[in-house]
Amino acid sequence: MRYLSTRGAAPAASAAEAILRGIAPDGGLYVPEAVLPVLSGEAARGAAGGPFPETSLEVLTPYLADFPGPVLADAVARAYNASTFDHPEVVSLRSLDARRHVLELWHGPTAAFKDVALQIMPFFIAAAKAVRNDRTHTLILVATSGDTGKAALEGFRDRPGVSIVVFYPHGGVSEVQRLQMATTEGANTRVVAVRGNFDDCQTGVKALFNDAALRERLAAKGIAFSSANSINWGRLCPQIAYYVHAYRTLVARGAVAAGGPVDLCVPTGNFGNILAGWYARAMGLPVRRLVCASNRNNILTDFFRTGAYDLRREFHRTSSPSMDILISSNLERFLFHAAGGDGAAAGTVRGWFDELRRTERFAVAEPLRRDMAAVVAPGWVDEPRVFETIRRVFRGTGYLVDTHTAVALAVCEDQMAAGGALGPDGPPVIVASTASPYKFAGDVLAAVTGERPDDEFAAIERLRQVSGVPVHRAVRGLREKPERHTRVTDIAGMRDVVEEMLS
Ligand SMILES: *Cc1c(COP(=O)(O)O)cnc(C)c1O
């Protein structure tokens, strides 16, 4: 499989090149040249009820065909096992009622869905370097809204031939997220707080990536940048597998007839997780609609409703910080595919993103907007609704969800109502649950009991008492760990952090 740039002005790349580079030289994102319909018809059912690692290998193989088969099989086995994920199925499906099935993606080491991709991605980097006989040192730059950072640090720490620097918004992540990152061990890790929001961190990282002079100086020292954000194809493709696995689990449980339709509902920030669902659909998995659920940062809802992507708006800090994003990177990949697969064609991706940079806004033509809206159903909810949803779901079913998952459940309810895109009589919905409730325990406890202890760890303990749900291992013992990373910098200082690593 070859990879093209969404902006149409870079040569096609192999999977190994796409993963090592992270971003294409023309500033675009790498997308697979073809999305093979390998899951259509009877194949969607596959080995219904089969283990997740098997499905993962099945899905990854066509996309990473330049890696030797045994290398890929070894990567899957080492990434997804009882020592990395504390659920025997790796990801698990919990039915709330006959229609809503919550896909728990947070049983990995850092309690967020990003572990699914970031436990395996370090093996991709190593395999890609081996395939290309590349002996450079890889410097991974990460911008995080909270969860990617820790998941990437855990994936890459102490891996040979790799260093990792994580930038997160100072004051913009939860206390547990901050402590998770600040206590990271490993000689090859660095974590820096940036005075700015997530978009500033992401824009700063992209600027470092696109700085040709800096790259040259790195190259002279035998170092090359890569990225562990979902702009990297190596982050996205492992996520396709869990939607396939969830579908097959529903078939095995008799909740869906083999080949019958489902809907997906995904709490969305950078549009990566939902895009993985779209790839599963494009590969033939019988997914009817994709619900794009947002918090108050509802730029995507507006985009799918009006066709205009408009950055000139206020940024809101919410209780679902991993979705507090205005520049939703992976939308670019979706637009590339939706607009016909030529990013340089007039009135498509390159033009839109040039316009976005110049004017902070672009708009797509109405026929394209309508095509996209036939697949993606957008919606957003405000903060009171998030808290009310957590409380109501817990009281009604005894099931505890985090704030991000609550956004998805609430938007799902709206869409399942009469007049909603899914409607009252639609097929089962797979709702992605992206974090353990213990990762956002303060807000979850406040939602359930109205209590708001000053201390996040008191909230964790109280939540355990109230819910009886065991505390996630990512959070247990966190308070006792020494903080090793305490640096804070301005946006302009991000560059210095990287420069220092050169000397
Ligand atoms: C990253 C994250 C999201 C958003 O996922 P995207 O792929 O960026 O859309 C949602 N919930 C949680 C808990 C996350 O960590």
Side-chain angles (χ1 to χ4, degrees), residues 3-11 13 15-31 117-118 121-122 124-125 128-129 132 134 136-145 148-149 152-153 156 161-169 188 190-192 194 196-236 270-272 325 327-333 336 343 349-350 353-354 356-357 489-502:
Y3 290 81
L4 309 177
S5 166
T6 49
R7 305 214 179 160
E17 286 171 300
I19 287 171
L20 286 176
R21 289 213 183 108
I23 195 165
D26 62 356
L29 306 185
Y30 283 115
V31 287
L118 283 161
M121 200 180 148
F124 294 169
I125 300 266
K129 288 209 274 194
R132 294 178 54 73
D134 174 343
T136 53
H137 184 90
T138 304
L139 178 54
I140 308 264
L141 296 186
V142 177
T144 183
S145 57
T148 297
L153 289 162
F156 284 102
V162 180
S163 307
I164 172 165
V165 186
V166 170
F167 297 102
Y168 71 90
N188 63 340
R190 229 171 251 217
V191 182
V192 179
V194 176
N197 61 30
F198 169 71
D199 291 315
D200 297 321
C201 295
Q202 183 163 250
T203 304
V205 163
K206 281 188 189 160
L208 290 167
F209 263 103
N210 292 331
D211 182 331
L214 179 61
R215 286 185 95 108
E216 256 171 51
R217 273 187 296 131
L218 284 167
K221 301 219 167 210
I223 304 171
F225 280 142
S226 191
S227 134
N229 281 97
S230 55
I231 56 174
N232 194 315
W233 176 251
R235 256 293 294 283
L236 269 182
N270 233 343
F271 211 75
I325 290 175
I327 303 173
S328 197
S329 300
N330 278 294
L331 184 66
E332 179 165 345
R333 283 189 166 106
F336 172 87
V349 179
R350 178 140 43 115
F353 285 86
D354 276 348
L356 186 68
R357 202 188 49 233
T489 181
D490 291 324
I491 297 166
M494 291 172 67
R495 204 194 161 80
D496 302 333
V497 175
V498 172
E499 298 274 358
E500 284 163 27
M501 297 192 76
L502 278 176

Requested in this report: Would you name the heavy atoms of Y30 and W233 that are closest together and state the gap between them?
Outcome: O-CE3, 4.2 Å
Requested in this report: For side chain to side chain donor-acceptor pair (under 3.5 Å), just list the numbers for N330 and R333, CA-CA rounded to whole Å, side-chain angles, deciding distance to a tenth of an Å, and then say yes or no.
Outcome: CA-CA 5 Å; N330 278 294; R333 283 189 166 106; 2.6 Å; yes
Query raised in the report: To the nearest 0.5 Å, how far apart are CZ in R350 and CG in D26?
Result: 7.0 Å
**Report entry** Heavy-atom pair with the smallest gap, counting every atom of I325 and S145
**Finding:** CD1-OG, 4.4 Å
Query raised in the report: Looking only at heavy atoms, what is the nearest atom pair of A13 and A18, with distance?
Result: CB-N, 4.2 Å
Report task. Output the distance between atom CG (N229) and atom CG (L118), rounded to the nearest 0.5 Å. Result -> 9.0 Å
Report task. Check whether any side-chain heavy atom of E332 sits under 4.5 Å from a side-chain heavy atom of I231, and report yes or no. Result -> no
Report task. Applying side-chain contact (heavy atoms from CB on, under 4.5 Å), run through Q202 and T144 and close with a yes or a no. Result -> CA-CA 8 Å; Q202 183 163 250; T144 183; over 6 Å; no
Report task. Can you tell me which residue pairs pass the side chain to side chain donor-acceptor pair (under 3.5 Å) test with a partner in residues 208-227, sequence neighbours excluded? Result -> D211-R495, R217-E499
Requested in this report: For the pair N232 (side chain) and G234 (backbone), establish whether a donor and an acceptor sit closer than 3.5 Å, ignoring hydrogens and angles.
Outcome: yes
Query raised in the report: Going by heavy atoms in the side chains, are V205 and V142 under 4.5 Å from each other?
Result: no
Query raised in the report: Under 4.5 Å between any side-chain heavy atoms of I125 and M121, yes or no?
Result: yes
Query - V165 vs V191, side-chain contact (heavy atoms from CB on, under 4.5 Å): CA-CA, chis, key distance, verdict - result: CA-CA 6 Å; V165 186; V191 182; over 6 Å; no
Query - Gap between atom CG of L139 and atom CZ of F225 - 0.5 Å precision - result: 5.5 Å
Query raised in the report: If you measure from CD1 on I491 to CG on N197, what distance do you get to the nearest 0.5 Å?
Result: 7.5 Å
Query raised in the report: Which pair of non-hydrogen atoms, one from F156 and one from A228, has the smallest distance, and what is that distance?
Result: CE1-CB, 4.0 Å
**Report entry** Distance, nearest 0.5 Å, that separates CG of D200 from CG of D490
**Finding:** 11.0 Å
Query - Worked check of side-chain contact (heavy atoms from CB on, under 4.5 Å) between Y168 and T148 - result: CA-CA 10 Å; Y168 71 90; T148 297; over 6 Å; no
Query raised in the report: Any side-chain heavy-atom pair from S163 and M501 closer than 4.5 angstrom?
Result: yes
Report summary line: Heavy atoms of I23 and G28 approach each other most closely as CG1-O, 3.2 Å
Report task. Verify side-chain contact (heavy atoms from CB on, under 4.5 Å) between T136 and I223, making sure each step is shown before the conclusion. Result -> CA-CA 5 Å; T136 53; I223 304 171; over 6 Å; no
Query raised in the report: With sequence neighbours left out, what residues match D354 under salt bridge (Lys or Arg N to Asp or Glu O under 4.0 Å)?
Result: R357
Query raised in the report: Taking all non-hydrogen atoms of both residues, which atom of L153 and which atom of R190 are closest, and how far apart?
Result: CD2-O, 4.4 Å
Query raised in the report: Less than 4.5 Å apart, any side-chain heavy atom of V166 and any of I164?
Result: yes
Report summary line: Output for pair (S230 OG, F271 CZ), nearest 0.5 Å, gives 11.0 Å
Query - Donor-acceptor pair, side chain of T6 and main chain of L29, under 3.5 angstrom - result: yes
